[in-house]
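Encoded as structure tokens, the structure appears first; notes follow it.
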Amino acid sequence: MTEEGDGRLERLNEMLKRRGFLLPAFGIYGGAKGLYDFGPVGGRLRSRVNQAWLDHWLQLGNIVELSCPTVTPYEVLEASGHVGEFSDFMTTCKACEEASRADTLLEPHHPNPDALKRDELQELLHSINPECPSCKASDWSDVVAQNLMFNTTIGSGSSGRAGFIRPETAQGMFTSFPSIYRHFRERLPFGAVQVGKGYRNEIAPRQGMIRLREFNMAELEYFIDPEAPVDVDLSAWENQIITFIAQDSPEFTSTLAKAHEDGLIHHPTVAQFLGMTHDFLVNMGIIPSKIRFRQHEKDEMAHYAKDCWDIEILGSYGWIECVGVAHRGCYDLESHHKATGKSLHARREYAEPKTTIIDAWTINGATVGPTFKALAGAVKVAVEELPKSTQFPAQVTLSTGDTVTLEEQHVKPNQLTIKETGEWYIPHVIEPAFGIDRIIWHMIDHAYHESDKDGEVYTIMKLKDTIVPVDYAVFPLFEKDGMDQMAMELHRTFCASTGIVSMYDGSGSIGRRYARADEIGVPQCITVDHQSLEDRTVTVRNRDNGEQTRVSIESLTQ
RNA sequence: GCGGAUAUGGUGAAGUGGUAUCAUAGGAGGUUUCCAACCUUUUGUCGUGGGUUCAACUCCCGCUAUCCGCACCA
């Protein structure tokens, strides 16, 4: 196998374009930065990965799939913190009209300009007046926020409402919490999954598929009761040695259970999801030794996170974050609750109802009201705090600072039994978020094998059978004598079966066709030859070892 | 966003102030009893907009995109 670094990445990218895996979008218009097409081969690959991802999480048994709009009202993303967090503060040089980031300009003059608010940046910028990096002038416009989300208007004209194209799928799932809660009969834990597009108007999209302006994401929002005992079994991964990079520590290996026992992974469900993520990636063909889990530093953690892990994959661009598993606490539901006033709580029933017996004093409203007038409310609070043993008349100091004298006629005994069967709380959320494009890139990167064949590079895509874009390639040995009709018939039979993709190829020599099929990773090539015409058997060639077996057509199509 | 480089058939490349070359690929036909073979034939191109010029793929300028650093982002 040819190793990387000798032009492998260039050959891979060239092949992906030529064979229709991945192509720059809108190519006939010169392309558009940060936008890619999944082509005739890649489109199928993507949909299979999406489906495999959904199936993987639906296994848990308490997961539903949602599909929420990409167009999202301004208020939703303001409440979630994205309007505030997803912006850069820009200023323009009045001499040359070059736009620069205000915090970058101020870096030599302030320890951490990134943390400044807009007004503070503006003040500092105008007092220091740094040189323009391109024209050396020192005359800056006002600082404006440039948001990394795509702006849009929902509706037109004066009735239009400000909105964004979503930067992640998560918010739609949070705002759907009440209906998911009802669906699951108000019993946590449960989760919602969604695969879909997300959009970020990146300043500098780079590195092919790694940083896109429109990207495929897959997210699970898993809602838990922070106080409920957690029933998580990590034994499935007890023999799985995983590479970790944690806060304040160098790279080391351990198991998920050990990492949790050591207090590194705070929540067992986070550990479970890290394990399930590992399983998914390996099922997709990611090489296990090229996976590592990296814990976010405290200052790097996003605005919502309590504990956050990146799953990084090693590929041609180095270690790239492809999945994030974040314990978001109650941040999201609480934010939307505060913004809307709508209940996003769950109910926790006590094992035993809590009974509170109150045996003390309360006010006699008929006398306290007329006597104390505006102070009556404060009197009530003070009276209810008095011990049962209080003798009246009594001097009482109110929260207002006033001191009043309470007569026996102002009070009456207060005997109550309050029974509480449970309480309301805001569920916590654990969120695995997958960058599907990045994962597909690494699947391709890891599956791409080159070998030397008579001085030429021979390419095989060793993709997993479960997600290959094409399941079968059907060839007539020669396109004559009825072999072509028989092959076409078999091809059509395959295509008529749900979930199977077949490709007919009768062009060029048989060896050339095998090579073409290997290049896009077709696991099995089926060839119709002269013998097939007589006994309805065909040869099946294995992609990875080239071995052929002869089987009957019926055994393939049943 | 900054600095540097680049942009020629589907893919990879050469080249020139007078409308372009090679390899490979794709289609059709032939040949061929299974791993990129061969023969015939055919398809298709100078990223984009402007300028200079009798004439621009070539020179100049803008734009767009790509690659490499830096920065940014996750």
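Chain identifiers are assigned alphabetically (A, B, ...) following the order of the sequence lines, protein sequences preceding nucleic acid strands; residue numbering begins at 1 within each chain.
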Separation of the P atoms in B:rA7 and B:rC39, to the nearest angstrom
33 Å
Tell me which of A:Asp505 and A:Asp529 sits closer to the 5' end of RNA chain B, going by the nucleotide each one is nearest to.
A:Asp505
Counting any heavy atom closer than 4.0 Å, what does A:Gly208 reach on the DNA or RNA strands: base, sugar-phosphate only, or nothing?
sugar-phosphate
What's the separation between atom OG1 in A:Thr527 and atom CZ in A:Phe478, rounded to the nearest 0.5 Å?
10.5 Å
For A:Met209 and B:rC67, what is the distance between atoms CE and P respectively, to the nearest whole Å?
12 Å
Per salt bridge (charged side-chain N to carboxylate O under 4.0 Å, His left out), A:Arg11 is matched among A:Glu519, A:Glu450, A:Glu456 by A:Glu450
With heavy atoms under 4.0 Å as the rule, sort A:Phe478 into base, sugar-phosphate or nothing.
base
Is the distance between the ring centroids of A:Phe21 and A:Phe38 under 6.0 Å?
no
Could you check how far CD of A:Glu431 sits from P of B:rA74, rounded to whole Å?
14 Å
At under 4.0 Å between heavy atoms, how does the protein contact nucleotides 35-49 of chain B? Give one character per nucleotide, 5' to 3', with B, S or -.
BBB------------
What is the separation between atom CZ on A:Arg211 and atom P on B:rU66, rounded to the nearest whole Å?
13 Å
Smallest heavy-atom separation, A:Leu220 atom then A:Trp53 atom, equals N-CH2, 3.9 Å
Intra- and interstrand pairs of RNA chain B - dot-bracket, Watson-Crick/G-U under 3.5 Å, | marks other strand:
(((((((..((((....[..))))((((((.......))))))...(((((..]....))))))))))))....
State, yes or no, whether a side-chain contact exists between A:Phe26 and A:Leu35 at a heavy-atom distance under 4.5 Å.
yes
Strictly below 4.0 Å, N to O, side chains only: are A:Arg541 and A:Asp518 in salt-bridge contact?
yes
Integer angstrom distance from the P of B:rG62 to that of B:rC22:
35 Å
Tell me whether the centres of the aromatic rings in A:Trp57 and A:Tyr222 are closer together than 6.0 Å.
no
Whole-Å gap separating P (B:rU66) and NZ (A:Lys17)
10 Å
Whole-Å distance between B:rA74 P and A:Asp437 CG?
17 Å
Ring centroid separation for A:His327 and A:His428, is it under 6.0 angstrom?
yes
Side chain A:Thr72, main chain A:Thr70, donor-acceptor under 3.5 Å
yes
Scan A:Glu321 against the nucleic acid and name what it touches under 4.0 Å (heavy atoms): base, sugar-phosphate only, or nothing.
base
Say you pick atom C1' in B:rU45 and the same atom in B:rG9; how far apart are they, in whole Å?
4 Å
Most 5' of A:Lys33 and A:Met15 on RNA chain B, judged by nearest nucleotide
A:Met15
